[in-house]
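Since the structure comes first, as structure tokens, the remarks are kept for the end.
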Protein chains: 2
Amino acid sequence: MELARQLRVVVGVGREVGRALPPETPPAIVGALMALGRYGEMRMSKLAEYLDIDISVTSRHVAHLAERGWIVRTADALDRRSRLLRLSARGEKVLAASSDRAAEVLAAHLSDWSDDDVDQLSGLLERMRLSFGDCRPRPYAADSADPGALAGAPHPPRTHAN
Amino acid sequence: MELARQLRVVVGVGREVGRALPPETPPAIVGALMALGRYGEMRMSKLAEYLDIDISVTSRHVAHLAERGWIVRTADALDRRSRLLRLSARGEKVLAASSDRAAEVLAAHLSDWSDDDVDQLSGLLERMRLSFGDCRPRPYAADSADPGALAGAPHPPRTHAN
DNA sequence: TATTGTTATACTCTATAACTATA
DNA sequence: TATAGTTATAGAGTATAACAATA
């Protein structure tokens, strides 16, 4: 599976794009902004799912965003344990600036790519994301000799759209 | 440029594949093994270029590989400052095991992808790598007002293939 | 009792700078 | 003087575990 090696390579490309970002908006922060900008208001657990990182890490990123006034947190009427997160006006501006910078770097390196090529790659990556789905670290690393662990209802019922 | 956001996504997928690797072979180490397995014997600076990381980081990874006997280092007769790196027999085995594990994870998530789809994505990623070329961190972050910095012969002459 | 989110801690990975040896 | 590589140090990013508040 040659794809495995290519994936390591893409991580390198991601680093390169990240290096071009200003210090105020490191890659992980921009990733959080992008997720909120693309999918709109959501709660912490959902953001962690989009970012494919543990919720504890997400919590720190969100604190970082809130300290700078880039997001607003409103109470979730249906579950007072959590709050809903969305970009503020300032957050939108920071996101736009970061996205523009990232796009510049990509455009500079991909100058000989046609729009179709870029769209094709983008589409395949989006599809790959969907194929991977929610794949954050999980407490079980069980091999096949643990029939009960995954049975039953591993996920709690969702009481409202999020 | 939607592609910028997709790139963050791929980084997440890379993490997911990395999480499946055993602790003895963390993702960065597997990346080094893969580069040596794919491109064969090379010197440190060339490996750093493939991995898109600073040579100091590469030095530590290589030390890690050497301590475990996964590579052999032979003298470079044309330049005694550097040594040539290549996989040992044990290194080949470790690489094979790691690649297999990574391939398993990918296959599990991409079970509904056709071979053509995978090849297409793999090809586009390879092309993207070539488009980015050598893009490790550089000491100059100069904007356009520095005409002399990049002129002349920025790279030393290559006295032999590496 | 289970779940959401927070905090403390440790580990992986990478970059910068100072240094040695060789070209 | 310049380059290849090493080591020390600092920082970003993430995972694990213990915890508080709510369901």
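In what follows, every chain begins at residue 1, and chains take the letters A, B, ... in the order their sequences are listed. Because the structure is a prediction, the values reported are computed rather than measured.
Rounded to whole Å, atom P of C:dA8 lies 16 Å from atom CG of A:Asp54. Protein atom CZ of A:Arg19 is 16 Å distant from nucleotide atom P of C:dC13, rounded to whole Å. Rounded to a whole Å, the NE2 atom of A:His64 is 15 Å from the P atom of C:dT7. Rounded to an integer number of Å, the gap from A:Arg43 CZ to C:dG5 C1' is 10 Å. Distance, B:Leu21 CG to D:dA15 P: 14 Å, rounded to whole Å. Distance, B:Arg60 CZ to D:dG11 P: 16 Å, rounded to whole Å. Atom-to-atom, NZ of A:Lys46 to P of C:dG5 comes out at 12 Å; the value is rounded to the nearest Å. Rounded to a whole Å, the CE atom of A:Met44 is 6 Å from the P atom of C:dG5.
Listed by chain and number, the residues in a side-chain contact (heavy atoms from CB on, under 4.5 Å) with B:Arg86 are B:Glu41, B:Val72, B:Thr74 (sequence neighbours excluded).
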>> Working note: A:Leu3 + B:Trp113, criterion side chain to side chain contact (heavy atoms under 4.5 Å, CB included); need CA distance, chi angles, decisive distance, verdict.
In response: CA-CA 13 Å; A:Leu3 182 57; B:Trp113 285 49; over 6 Å; no

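With a 4.5 Å cut-off on side-chain heavy atoms, A:Leu47 and A:His61 do not count as touching.
Taking only distance into account, the side chain of B:Ser56 never meets the base of C:dT14 through a donor-acceptor pair shorter than 3.5 Å.
Look at A:Ser82 and you won't find any side-chain N or O under 4.0 angstrom from OP1 or OP2 of C:dT4. When the side-chain nitrogen and oxygen atoms of A:His61 are compared with OP1 and OP2 of D:dT14, one or more of them lie within a distance under 4.0 Å.
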Pairs under 3.5 angstrom only: tabulate donor-acceptor contacts from the side chains of residues 99-106 of chain A to other protein residues two or more places apart or in another chain.
{"residue": "A:Ser99", "atom": "OG", "partner": "A:Leu95", "partner atom": "O", "Å": "3.0"}
{"residue": "A:Arg101", "atom": "NE", "partner": "A:Ala20", "partner atom": "O", "Å": "3.3"}
{"residue": "A:Arg101", "atom": "NH1", "partner": "A:Glu104", "partner atom": "OE1", "Å": "2.8"}

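Side chain of B:Thr58 to backbone of B:Met44: no donor-acceptor contact under 3.5 angstrom is found.
Looking at which nucleotide of DNA chain C each of A:Arg8 and A:Val57 is closest to, the 5′-most match is held by A:Val57. Both A:Val62 and B:Pro23 lie close to DNA chain C; mapped to their nearest nucleotides by heavy-atom distance, the more 5′-ward contact belongs to A:Val62.
Other residues, nucleotides and ligands contribute more than 12 heavy atoms inside 6.0 Å of the CG atom of B:Asp112.
Each of C:dA15, D:dG13, D:dA4 was ranked by its minimum atom distance to the side chain of B:Ile53; first place goes to C:dA15. In this structure, the nucleotide among C:dA15, D:dT6, C:dT6 sitting nearest to the side chain of A:Arg73 is C:dT6.
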> How does protein reach along nucleotides 18-23 of chain D, written 5' to 3' as B (base within reach of a heavy atom under 4.0 Å), S (only sugar-phosphate), or - (no contact)?
Replying inline: ---BBS

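Side chains of A:Asp116 and A:Ser114: a donor-acceptor N/O pair is absent below 3.5 angstrom, by distance only.
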